[in-house]
Amino acid sequence: MFKKVLIANRGEIALRIIRACRELGIATVAVHSTADTNALHVKFADESVCIGPPPAPKSYLHIPSIISAAEVTGADAVHPGYGFLSENPEFADMCVRCRLHFIGPPPQLMRLMGGKIPARKAMVEAGVPILPGTGLLETDDQALAAVEEIGLPVIIKASAGGGGRGMKIVRERDKLLSSLEMARAEALAGFGSSDVYLERYVEAPRHIEVQIVADGAGGVAALGERECSIQRRHQKLIEEAPSVALTDEEREKLLALCERAMRHIGYANVGTLEFLYERDQPGSEANGRFYFMEMNTRIQVEHTVTEMVTGLDLVREQIRLAAGEPLSSTFTSRFKPRGHAIECRVNAEDPVTFAPSPGRITALNLPGGFGVRVDTHIYEGYVVPPNYDSLLAKLIVHAEDRESAIKRMRRALDEFVVEGVKTNLPFHRKLIDHPEFIAGRIDTHFIARLSPSA
Ligand code: MV4
(Lines give C-alpha, C1' and ligand atoms only; values in the text may rest on other atoms or scores of the structure.)
Protein backbone atom coordinates (compact mmCIF):
# COMPACT_ATOMS: atom_id res chain seq x y z
CA MET A 1 0.00 0.00 0.00
CA PHE A 2 1.08 3.60 -0.51
CA LYS A 3 2.92 5.32 2.34
CA LYS A 4 2.15 8.93 1.48
CA VAL A 5 -0.49 10.37 -0.86
CA LEU A 6 -0.46 13.91 -2.24
CA ILE A 7 -3.93 15.32 -2.82
CA ALA A 8 -3.93 17.54 -5.91
CA ASN A 9 -7.22 19.22 -5.09
CA ARG A 10 -9.05 21.40 -2.56
CA GLY A 11 -12.41 21.76 -0.83
CA GLU A 12 -14.66 18.94 0.30
CA ILE A 13 -13.14 16.30 -2.00
CA ALA A 14 -9.65 16.93 -0.60
CA LEU A 15 -11.08 16.25 2.89
CA ARG A 16 -12.90 13.14 1.61
CA ILE A 17 -9.60 11.77 0.27
CA ILE A 18 -7.63 12.68 3.42
CA ARG A 19 -10.23 10.81 5.52
CA ALA A 20 -9.93 7.69 3.36
CA CYS A 21 -6.11 7.84 3.61
CA ARG A 22 -6.28 8.19 7.42
CA GLU A 23 -8.41 5.07 7.69
CA LEU A 24 -5.96 3.20 5.44
CA GLY A 25 -2.99 4.35 7.55
CA ILE A 26 -1.56 6.45 4.71
CA ALA A 27 0.13 9.82 5.37
CA THR A 28 -1.20 12.81 3.42
CA VAL A 29 0.21 15.90 1.74
CA ALA A 30 -2.09 18.83 0.93
CA VAL A 31 -1.22 21.34 -1.77
CA HIS A 32 -2.83 24.75 -1.75
CA SER A 33 -2.87 28.16 -3.38
CA THR A 34 -2.33 31.34 -1.37
CA ALA A 35 -6.14 31.75 -1.35
CA ASP A 36 -6.44 28.45 0.58
CA THR A 37 -3.85 28.93 3.34
CA ASN A 38 -6.61 28.69 5.97
CA ALA A 39 -8.48 25.87 4.23
CA LEU A 40 -9.48 22.78 6.17
CA HIS A 41 -7.71 20.38 3.78
CA VAL A 42 -4.45 22.13 4.71
CA LYS A 43 -5.18 21.74 8.44
CA PHE A 44 -6.31 18.09 8.13
CA ALA A 45 -3.34 16.84 6.09
CA ASP A 46 -0.12 15.68 7.75
CA GLU A 47 1.91 18.09 5.61
CA SER A 48 1.13 20.92 3.22
CA VAL A 49 2.87 22.75 0.40
CA CYS A 50 1.89 26.13 -1.04
CA ILE A 51 1.98 25.74 -4.83
CA GLY A 52 1.13 29.21 -6.11
CA PRO A 53 -1.26 32.15 -6.43
CA PRO A 54 -5.09 31.87 -6.43
CA PRO A 55 -5.80 31.44 -10.18
CA ALA A 56 -6.06 27.67 -10.77
CA PRO A 57 -3.74 27.66 -13.85
CA LYS A 58 -0.96 28.92 -11.54
CA SER A 59 -1.64 26.44 -8.71
CA TYR A 60 -4.11 23.52 -8.81
CA LEU A 61 -3.62 23.13 -12.58
CA HIS A 62 0.12 23.78 -12.59
CA ILE A 63 1.68 20.37 -13.17
CA PRO A 64 5.35 21.21 -12.41
CA SER A 65 4.46 22.70 -8.99
CA ILE A 66 2.39 19.67 -8.02
CA ILE A 67 5.01 17.15 -9.14
CA SER A 68 7.69 19.15 -7.28
CA ALA A 69 5.55 19.17 -4.12
CA ALA A 70 5.25 15.37 -4.35
CA GLU A 71 9.01 15.03 -4.81
CA VAL A 72 10.04 17.29 -1.93
CA THR A 73 7.61 15.60 0.48
CA GLY A 74 8.43 12.07 -0.67
CA ALA A 75 4.87 11.18 -1.66
CA ASP A 76 4.52 7.93 -3.59
CA ALA A 77 1.08 8.57 -5.07
CA VAL A 78 -1.15 11.44 -6.23
CA HIS A 79 -4.93 11.64 -5.91
CA PRO A 80 -6.39 14.19 -8.37
CA GLY A 81 -9.97 14.29 -6.95
CA TYR A 82 -12.49 15.66 -9.48
CA GLY A 83 -12.15 18.66 -11.80
CA PHE A 84 -8.69 20.29 -12.08
CA LEU A 85 -6.20 17.67 -13.42
CA SER A 86 -8.35 14.61 -12.71
CA GLU A 87 -9.00 13.73 -16.37
CA ASN A 88 -5.77 15.04 -17.85
CA PRO A 89 -3.81 12.10 -19.34
CA GLU A 90 -0.66 14.25 -19.67
CA PHE A 91 -0.70 14.79 -15.91
CA ALA A 92 -1.20 11.07 -15.30
CA ASP A 93 1.69 10.35 -17.73
CA MET A 94 3.90 12.87 -15.94
CA CYS A 95 3.13 11.28 -12.56
CA VAL A 96 4.09 7.85 -13.86
CA ARG A 97 7.31 9.20 -15.43
CA CYS A 98 8.21 10.74 -12.07
CA ARG A 99 7.61 7.38 -10.36
CA LEU A 100 4.43 8.59 -8.70
CA HIS A 101 1.35 6.37 -8.77
CA PHE A 102 -1.63 8.19 -10.28
CA ILE A 103 -4.82 7.28 -8.40
CA GLY A 104 -7.05 6.79 -11.40
CA PRO A 105 -7.13 4.70 -14.57
CA PRO A 106 -3.98 4.22 -16.69
CA PRO A 107 -3.35 7.22 -19.01
CA GLN A 108 -4.20 5.25 -22.18
CA LEU A 109 -7.69 4.49 -20.82
CA MET A 110 -8.14 8.16 -19.85
CA ARG A 111 -7.20 9.03 -23.43
CA LEU A 112 -9.52 6.44 -25.00
CA MET A 113 -12.58 7.33 -22.91
CA GLY A 114 -11.75 11.06 -22.65
CA GLY A 115 -12.37 11.54 -26.37
CA LYS A 116 -16.06 11.23 -27.10
CA ILE A 117 -15.55 9.91 -30.63
CA PRO A 118 -13.12 7.11 -29.62
CA ALA A 119 -15.26 6.36 -26.52
CA ARG A 120 -18.38 6.00 -28.66
CA LYS A 121 -16.53 3.66 -31.02
CA ALA A 122 -15.18 1.55 -28.14
CA MET A 123 -18.63 1.27 -26.56
CA VAL A 124 -20.28 0.23 -29.86
CA GLU A 125 -17.66 -2.50 -30.22
CA ALA A 126 -18.48 -3.59 -26.67
CA GLY A 127 -22.18 -3.88 -27.53
CA VAL A 128 -23.40 -0.75 -25.73
CA PRO A 129 -26.27 1.12 -27.43
CA ILE A 130 -25.57 4.62 -28.72
CA LEU A 131 -27.78 7.11 -30.54
CA PRO A 132 -27.73 6.99 -34.35
CA GLY A 133 -24.95 9.33 -35.41
CA THR A 134 -21.56 9.70 -37.04
CA GLY A 135 -17.90 9.30 -36.26
CA LEU A 136 -15.52 12.19 -36.89
CA LEU A 137 -17.12 14.62 -39.36
CA GLU A 138 -14.49 15.39 -42.00
CA THR A 139 -16.63 16.91 -44.75
CA ASP A 140 -19.85 18.91 -45.08
CA ASP A 141 -21.24 16.10 -47.25
CA GLN A 142 -20.85 13.61 -44.40
CA ALA A 143 -22.96 15.86 -42.16
CA LEU A 144 -25.62 16.35 -44.86
CA ALA A 145 -25.78 12.62 -45.54
CA ALA A 146 -26.07 11.84 -41.83
CA VAL A 147 -29.01 14.23 -41.40
CA GLU A 148 -30.64 12.72 -44.49
CA GLU A 149 -30.53 9.36 -42.74
CA ILE A 150 -31.19 10.33 -39.10
CA GLY A 151 -33.62 13.22 -39.61
CA LEU A 152 -33.86 16.35 -37.44
CA PRO A 153 -33.15 17.54 -34.80
CA VAL A 154 -29.50 16.51 -34.39
CA ILE A 155 -26.84 17.68 -31.98
CA ILE A 156 -23.24 18.45 -32.95
CA LYS A 157 -20.73 17.71 -30.20
CA ALA A 158 -17.03 18.30 -29.74
CA SER A 159 -15.09 15.06 -29.27
CA ALA A 160 -12.92 16.78 -26.66
CA GLY A 161 -15.87 18.57 -25.02
CA GLY A 162 -17.68 17.40 -21.96
CA GLY A 163 -20.14 18.39 -19.29
CA GLY A 164 -22.33 19.99 -21.92
CA ARG A 165 -19.78 22.40 -23.38
CA GLY A 166 -19.28 22.71 -27.12
CA MET A 167 -22.65 21.45 -28.31
CA LYS A 168 -24.95 22.77 -31.05
CA ILE A 169 -28.53 21.67 -31.54
CA VAL A 170 -29.65 21.76 -35.17
CA ARG A 171 -33.39 21.90 -35.90
CA GLU A 172 -33.40 23.12 -39.52
CA ARG A 173 -31.51 21.62 -42.43
CA ASP A 174 -30.56 25.13 -43.63
CA LYS A 175 -28.62 25.75 -40.42
CA LEU A 176 -26.62 22.51 -40.44
CA LEU A 177 -23.49 23.73 -42.20
CA SER A 178 -23.27 27.06 -40.36
CA SER A 179 -23.74 25.22 -37.02
CA LEU A 180 -21.07 22.74 -38.05
CA GLU A 181 -18.63 25.56 -38.80
CA MET A 182 -19.41 27.27 -35.46
CA ALA A 183 -19.11 24.00 -33.56
CA ARG A 184 -15.68 23.33 -35.13
CA ALA A 185 -14.44 26.85 -34.32
CA GLU A 186 -15.70 26.70 -30.73
CA ALA A 187 -14.27 23.22 -30.22
CA LEU A 188 -10.86 24.35 -31.46
CA ALA A 189 -10.89 27.50 -29.31
CA GLY A 190 -12.28 25.76 -26.23
CA PHE A 191 -10.61 22.34 -26.30
CA GLY A 192 -7.74 22.60 -28.76
CA SER A 193 -9.32 20.15 -31.20
CA SER A 194 -11.87 20.82 -33.93
CA ASP A 195 -13.03 17.17 -33.97
CA VAL A 196 -16.83 17.06 -33.95
CA TYR A 197 -19.53 14.46 -34.62
CA LEU A 198 -23.30 14.51 -34.67
CA GLU A 199 -26.11 12.34 -33.40
CA ARG A 200 -29.89 12.35 -33.09
CA TYR A 201 -31.02 14.93 -30.51
CA VAL A 202 -33.35 13.75 -27.72
CA GLU A 203 -35.58 16.57 -26.48
CA ALA A 204 -35.90 16.10 -22.71
CA PRO A 205 -33.97 13.02 -21.63
CA ARG A 206 -33.09 11.85 -18.17
CA HIS A 207 -29.41 11.77 -17.27
CA ILE A 208 -28.70 8.42 -15.64
CA GLU A 209 -25.17 7.24 -14.91
CA VAL A 210 -23.61 4.00 -13.70
CA GLN A 211 -20.79 3.73 -11.15
CA ILE A 212 -17.97 1.45 -12.27
CA VAL A 213 -15.23 -0.05 -10.10
CA ALA A 214 -12.66 -2.31 -11.78
CA ASP A 215 -9.21 -3.78 -11.17
CA GLY A 216 -8.08 -4.22 -14.78
CA ALA A 217 -7.71 -7.97 -14.29
CA GLY A 218 -11.32 -9.03 -14.88
CA GLY A 219 -12.69 -7.82 -11.55
CA VAL A 220 -15.48 -5.42 -12.53
CA ALA A 221 -18.51 -4.19 -10.60
CA ALA A 222 -21.26 -1.88 -11.84
CA LEU A 223 -22.51 -0.57 -8.51
CA GLY A 224 -25.88 0.72 -9.60
CA GLU A 225 -27.14 3.91 -11.17
CA ARG A 226 -27.56 7.52 -10.14
CA GLU A 227 -30.34 9.78 -11.34
CA CYS A 228 -28.75 13.15 -12.18
CA SER A 229 -31.45 14.88 -14.22
CA ILE A 230 -31.87 17.82 -11.82
CA GLN A 231 -29.23 20.15 -13.22
CA ARG A 232 -28.91 23.74 -14.31
CA ARG A 233 -26.65 24.69 -17.22
CA HIS A 234 -24.92 21.30 -16.91
CA GLN A 235 -24.26 21.80 -13.19
CA LYS A 236 -25.96 19.04 -11.26
CA LEU A 237 -27.97 20.23 -8.26
CA ILE A 238 -29.61 17.06 -6.91
CA GLU A 239 -28.55 13.47 -7.45
CA GLU A 240 -30.20 10.32 -6.19
CA ALA A 241 -29.73 6.57 -6.09
CA PRO A 242 -31.49 4.52 -7.28
CA SER A 243 -33.41 6.15 -10.19
CA VAL A 244 -37.22 5.94 -10.06
CA ALA A 245 -37.20 5.43 -13.84
CA LEU A 246 -35.79 1.88 -13.65
CA THR A 247 -37.46 -1.40 -12.81
CA ASP A 248 -35.28 -4.04 -11.13
CA GLU A 249 -35.23 -5.91 -14.42
CA GLU A 250 -34.06 -2.89 -16.45
CA ARG A 251 -31.42 -2.13 -13.83
CA GLU A 252 -30.05 -5.67 -13.95
CA LYS A 253 -29.79 -5.51 -17.74
CA LEU A 254 -28.10 -2.11 -17.71
CA LEU A 255 -25.54 -3.09 -15.07
CA ALA A 256 -24.69 -6.37 -16.82
CA LEU A 257 -24.18 -4.44 -20.07
CA CYS A 258 -21.86 -1.96 -18.33
CA GLU A 259 -19.81 -4.73 -16.74
CA ARG A 260 -19.35 -6.50 -20.08
CA ALA A 261 -18.26 -3.23 -21.71
CA MET A 262 -15.75 -2.44 -18.97
CA ARG A 263 -14.24 -5.94 -19.23
CA HIS A 264 -14.05 -5.44 -22.99
CA ILE A 265 -11.87 -2.32 -22.69
CA GLY A 266 -9.97 -3.60 -19.64
CA TYR A 267 -11.05 -0.63 -17.52
CA ALA A 268 -9.25 -0.10 -14.22
CA ASN A 269 -10.03 2.06 -11.16
CA VAL A 270 -13.31 3.97 -10.66
CA GLY A 271 -15.32 5.56 -13.45
CA THR A 272 -18.80 6.53 -14.52
CA LEU A 273 -20.73 5.64 -17.66
CA GLU A 274 -23.18 8.40 -18.52
CA PHE A 275 -26.39 7.47 -20.28
CA LEU A 276 -29.17 9.44 -21.82
CA TYR A 277 -32.52 7.86 -20.99
CA GLU A 278 -35.34 8.39 -23.46
CA ARG A 279 -38.96 7.52 -22.69
CA ASP A 280 -40.73 5.34 -25.23
CA GLN A 281 -43.69 7.74 -25.31
CA PRO A 282 -43.72 11.31 -24.04
CA GLY A 283 -45.28 11.35 -20.59
CA SER A 284 -44.77 7.63 -20.05
CA GLU A 285 -42.17 6.53 -17.53
CA ALA A 286 -42.03 2.84 -18.40
CA ASN A 287 -39.68 1.05 -20.77
CA GLY A 288 -37.32 3.80 -21.71
CA ARG A 289 -34.17 3.32 -23.74
CA PHE A 290 -30.58 3.89 -22.72
CA TYR A 291 -27.92 5.40 -24.93
CA PHE A 292 -24.26 5.77 -23.94
CA MET A 293 -23.14 9.42 -23.85
CA GLU A 294 -19.68 9.69 -22.34
CA MET A 295 -17.46 8.25 -19.66
CA ASN A 296 -15.91 10.07 -16.72
CA THR A 297 -12.61 8.53 -15.69
CA ARG A 298 -12.55 10.01 -12.18
CA ILE A 299 -14.32 9.92 -8.83
CA GLN A 300 -17.39 12.14 -9.10
CA VAL A 301 -18.97 14.70 -6.80
CA GLU A 302 -22.06 12.51 -6.46
CA HIS A 303 -20.24 9.24 -5.65
CA THR A 304 -21.68 9.67 -2.12
CA VAL A 305 -25.22 8.56 -3.02
CA THR A 306 -23.85 5.28 -4.36
CA GLU A 307 -21.83 4.88 -1.16
CA MET A 308 -24.96 5.35 0.96
CA VAL A 309 -27.08 2.72 -0.85
CA THR A 310 -24.24 0.19 -1.19
CA GLY A 311 -22.48 0.81 2.13
CA LEU A 312 -19.16 0.76 0.23
CA ASP A 313 -16.31 3.28 0.48
CA LEU A 314 -15.51 4.20 -3.14
CA VAL A 315 -12.51 6.43 -2.42
CA ARG A 316 -10.89 3.80 -0.22
CA GLU A 317 -11.40 1.20 -2.96
CA GLN A 318 -10.04 3.61 -5.56
CA ILE A 319 -6.80 3.99 -3.58
CA ARG A 320 -6.50 0.20 -3.01
CA LEU A 321 -6.99 -0.44 -6.75
CA ALA A 322 -4.36 2.15 -7.75
CA ALA A 323 -1.94 0.35 -5.41
CA GLY A 324 -2.47 -2.82 -7.46
CA GLU A 325 -4.79 -4.70 -5.14
CA PRO A 326 -7.58 -6.81 -6.67
CA LEU A 327 -11.20 -5.66 -6.44
CA SER A 328 -12.55 -6.33 -2.93
CA SER A 329 -15.04 -9.20 -2.72
CA THR A 330 -17.62 -6.80 -1.25
CA PHE A 331 -17.71 -4.97 -4.61
CA THR A 332 -20.18 -6.91 -6.66
CA SER A 333 -23.11 -5.86 -8.80
CA ARG A 334 -25.19 -8.81 -7.58
CA PHE A 335 -26.12 -6.17 -5.13
CA LYS A 336 -29.52 -4.60 -4.56
CA PRO A 337 -29.44 -0.93 -3.55
CA ARG A 338 -30.41 -0.64 0.11
CA GLY A 339 -32.94 2.15 0.55
CA HIS A 340 -32.68 5.51 -1.17
CA ALA A 341 -30.12 8.32 -1.03
CA ILE A 342 -30.42 11.94 -2.18
CA GLU A 343 -27.69 14.58 -2.41
CA CYS A 344 -28.20 18.36 -2.58
CA ARG A 345 -25.22 20.43 -3.72
CA VAL A 346 -25.15 23.54 -1.54
CA ASN A 347 -23.46 26.38 -3.44
CA ALA A 348 -22.40 29.90 -2.44
CA GLU A 349 -24.59 31.65 -4.96
CA ASP A 350 -27.64 33.86 -5.17
CA PRO A 351 -30.72 31.58 -5.00
CA VAL A 352 -32.49 33.65 -7.67
CA THR A 353 -29.80 34.87 -10.09
CA PHE A 354 -27.31 32.03 -9.40
CA ALA A 355 -24.46 34.58 -9.34
CA PRO A 356 -21.50 33.40 -7.18
CA SER A 357 -21.45 34.79 -3.64
CA PRO A 358 -17.96 34.57 -2.12
CA GLY A 359 -17.16 36.02 1.31
CA ARG A 360 -16.85 35.23 5.02
CA ILE A 361 -19.17 32.71 6.65
CA THR A 362 -20.31 34.52 9.78
CA ALA A 363 -22.64 31.84 11.18
CA LEU A 364 -23.03 28.15 10.41
CA ASN A 365 -25.20 25.29 11.54
CA LEU A 366 -24.71 21.97 9.78
CA PRO A 367 -27.58 19.47 9.82
CA GLY A 368 -27.12 16.07 11.42
CA GLY A 369 -29.00 13.19 12.96
CA PHE A 370 -30.03 9.77 11.70
CA GLY A 371 -29.42 9.17 8.00
CA VAL A 372 -27.74 12.54 7.37
CA ARG A 373 -24.23 13.03 5.95
CA VAL A 374 -22.56 16.37 5.23
CA ASP A 375 -19.35 16.45 3.17
CA THR A 376 -17.98 19.96 3.49
CA HIS A 377 -14.85 22.03 4.03
CA ILE A 378 -16.58 25.13 5.42
CA TYR A 379 -16.55 26.39 9.02
CA GLU A 380 -17.63 29.51 10.88
CA GLY A 381 -15.18 32.28 9.96
CA TYR A 382 -14.06 30.57 6.73
CA VAL A 383 -13.73 32.91 3.76
CA VAL A 384 -15.11 31.46 0.51
CA PRO A 385 -12.59 32.55 -2.15
CA PRO A 386 -13.90 33.89 -5.47
CA ASN A 387 -11.42 31.85 -7.54
CA TYR A 388 -12.97 28.36 -7.54
CA ASP A 389 -16.30 26.63 -8.02
CA SER A 390 -18.98 27.62 -5.56
CA LEU A 391 -19.64 24.23 -3.94
CA LEU A 392 -19.87 24.72 -0.14
CA ALA A 393 -21.26 21.40 0.98
CA LYS A 394 -22.88 18.19 -0.14
CA LEU A 395 -25.91 17.32 1.98
CA ILE A 396 -26.68 13.63 1.65
CA VAL A 397 -29.57 11.77 3.24
CA HIS A 398 -30.27 8.06 3.32
CA ALA A 399 -33.61 6.44 4.22
CA GLU A 400 -35.55 3.22 3.60
CA ASP A 401 -37.36 4.58 0.53
CA ARG A 402 -37.57 7.69 -1.67
CA GLU A 403 -40.54 9.20 0.13
CA SER A 404 -38.78 9.01 3.52
CA ALA A 405 -35.54 10.29 1.98
CA ILE A 406 -37.35 13.36 0.62
CA LYS A 407 -38.86 14.05 4.07
CA ARG A 408 -35.46 13.60 5.69
CA MET A 409 -33.89 15.99 3.14
CA ARG A 410 -36.58 18.59 3.86
CA ARG A 411 -35.83 18.26 7.60
CA ALA A 412 -32.06 18.50 7.07
CA LEU A 413 -32.39 21.51 4.73
CA ASP A 414 -34.39 23.27 7.47
CA GLU A 415 -31.56 22.68 9.96
CA PHE A 416 -28.92 24.04 7.56
CA VAL A 417 -27.95 27.64 8.35
CA VAL A 418 -25.26 29.60 6.50
CA GLU A 419 -24.86 33.33 7.10
CA GLY A 420 -22.49 35.83 5.50
CA VAL A 421 -22.69 34.41 1.97
CA LYS A 422 -25.79 33.74 -0.11
CA THR A 423 -26.54 30.09 -0.76
CA ASN A 424 -28.91 28.07 -2.93
CA LEU A 425 -30.49 26.48 0.18
CA PRO A 426 -33.81 28.32 -0.45
CA PHE A 427 -33.80 26.98 -4.02
CA HIS A 428 -33.22 23.41 -2.74
CA ARG A 429 -36.14 23.75 -0.29
CA LYS A 430 -38.35 24.78 -3.21
CA LEU A 431 -37.12 21.89 -5.39
CA ILE A 432 -37.59 19.22 -2.73
CA ASP A 433 -41.22 20.37 -2.16
CA HIS A 434 -42.10 20.42 -5.84
CA PRO A 435 -44.93 17.99 -6.71
CA GLU A 436 -43.25 16.91 -9.96
CA PHE A 437 -39.99 16.18 -8.14
CA ILE A 438 -41.86 14.28 -5.42
CA ALA A 439 -43.66 12.28 -8.13
CA GLY A 440 -40.29 11.52 -9.76
CA ARG A 441 -41.36 13.14 -13.04
CA ILE A 442 -38.02 14.77 -13.76
CA ASP A 443 -35.81 15.28 -16.79
CA THR A 444 -32.84 17.45 -17.75
CA HIS A 445 -35.10 20.44 -18.52
CA PHE A 446 -36.83 20.45 -15.10
CA ILE A 447 -34.96 23.49 -13.72
CA ALA A 448 -35.35 25.48 -16.94
CA ARG A 449 -39.14 24.94 -16.75
CA LEU A 450 -39.19 25.82 -13.04
CA SER A 451 -37.27 29.08 -13.36
CA PRO A 452 -36.93 30.07 -17.02
CA SER A 453 -34.68 33.00 -16.08
CA ALA A 454 -32.15 30.49 -14.72
C1 MV4 B 1 -27.59 15.18 -25.61
C2 MV4 B 1 -28.90 15.63 -25.40
C3 MV4 B 1 -29.88 15.23 -26.25
N4 MV4 B 1 -29.58 14.41 -27.29
N5 MV4 B 1 -27.34 14.37 -26.67
C6 MV4 B 1 -25.61 17.44 -21.88
C7 MV4 B 1 -24.36 17.08 -21.17
C8 MV4 B 1 -23.59 16.16 -22.02
N9 MV4 B 1 -23.20 15.01 -21.28
C10 MV4 B 1 -24.51 15.81 -23.13
N11 MV4 B 1 -25.72 16.56 -22.97
C12 MV4 B 1 -26.80 16.34 -23.76
N13 MV4 B 1 -26.58 15.52 -24.82
C14 MV4 B 1 -28.33 14.02 -27.47
N15 MV4 B 1 -28.05 13.22 -28.51
C16 MV4 B 1 -29.13 16.49 -24.33
C17 MV4 B 1 -28.08 16.88 -23.53
C18 MV4 B 1 -28.43 17.86 -22.57
C19 MV4 B 1 -28.52 19.22 -22.93
C20 MV4 B 1 -28.19 19.68 -24.20
C21 MV4 B 1 -28.30 21.02 -24.53
C22 MV4 B 1 -28.74 21.93 -23.57
C23 MV4 B 1 -29.04 21.52 -22.31
C24 MV4 B 1 -28.94 20.16 -21.97
C25 MV4 B 1 -29.25 19.77 -20.70
C26 MV4 B 1 -29.14 18.45 -20.37
C27 MV4 B 1 -28.74 17.50 -21.32
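Numbering of ligands and ligand atoms starts at 1, following listing order.
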Original post:
Is there any N or O on Tyr201 that sits under 3.5 Å from an N or O of ligand 1?
Top reply: no
**OP:** Heavy-atom contacts with Ile155 under 4.0 Å: which atoms of ligand 1 show up? List them by number with element.
**Re:** 5 (N), 14 (C), 15 (N)
Original post:
Which of the listed options, Lys168, Met167, Glu209, holds the heavy atom that is closest to atom 11 (N) of ligand 1?
Top reply: Met167
Original post:
Of the listed options (Ile447, Thr444, Ile156, Leu276), which comes nearest to atom 27 (C) of ligand 1 when hydrogens are ignored and any heavy atom counts?
Top reply: Thr444
Subject >> SB check Arg120 Glu199 (cutoff 4.0 Å) >> reply: yes
**OP:** May I ask you to list the atoms of ligand 1 that are less than 4.0 angstrom from any heavy atom of Glu294?
**Re:** 8 (C), 9 (N)
Original post:
Just which atoms of ligand 1 are under 4.0 Å from any heavy atom in Glu274?
Top reply: 9 (N)
Original post:
Where on His207 is there a heavy atom closer than 4.0 Å to ligand 1, on the side chain, on the backbone, on both, or on neither?
Top reply: neither
Subject >> Derivation of the side-chain hydrogen bond (donor to acceptor under 3.5 Å, both in side chains) call for Ser328 and Arg320 >> reply: CA-CA 9 Å; Ser328 302; Arg320 291 185 63 262; 2.8 Å; yes
Original post:
Considering only heavy atoms of Gln231, which atoms of ligand 1 have at least one such atom less than 4.0 Å away?
Top reply: 25 (C), 26 (C)
Original post:
Can you check ring-ring contact (aromatic ring centres under 6.0 Å, His included) on Phe91 and Phe84, steps first, answer last?
Top reply: CA-CA 10 Å; Phe91 178 59; Phe84 294 126; over 10 Å; no
**OP:** State, yes or no, whether a side-chain contact exists between Ile67 and Cys95 at a heavy-atom distance under 4.5 Å.
**Re:** yes
Subject >> For ligand 1, the portion of Arg200 having any non-hydrogen atom under 4.0 Å away >> reply: backbone
Subject >> Ring center gap for Tyr82 and His303 short of 6.0 angstrom >> reply: no
Subject >> Salt bridge present between Lys116 and Asp195 (N-O < 4.0 angstrom) >> reply: no
Original post:
ligand 1 and Glu199, any nitrogen or oxygen pair closer than 3.5 angstrom?
Top reply: yes
Subject >> Glu209 side chain reached by Glu239 side chain, heavy atoms, under 4.5 Å >> reply: no
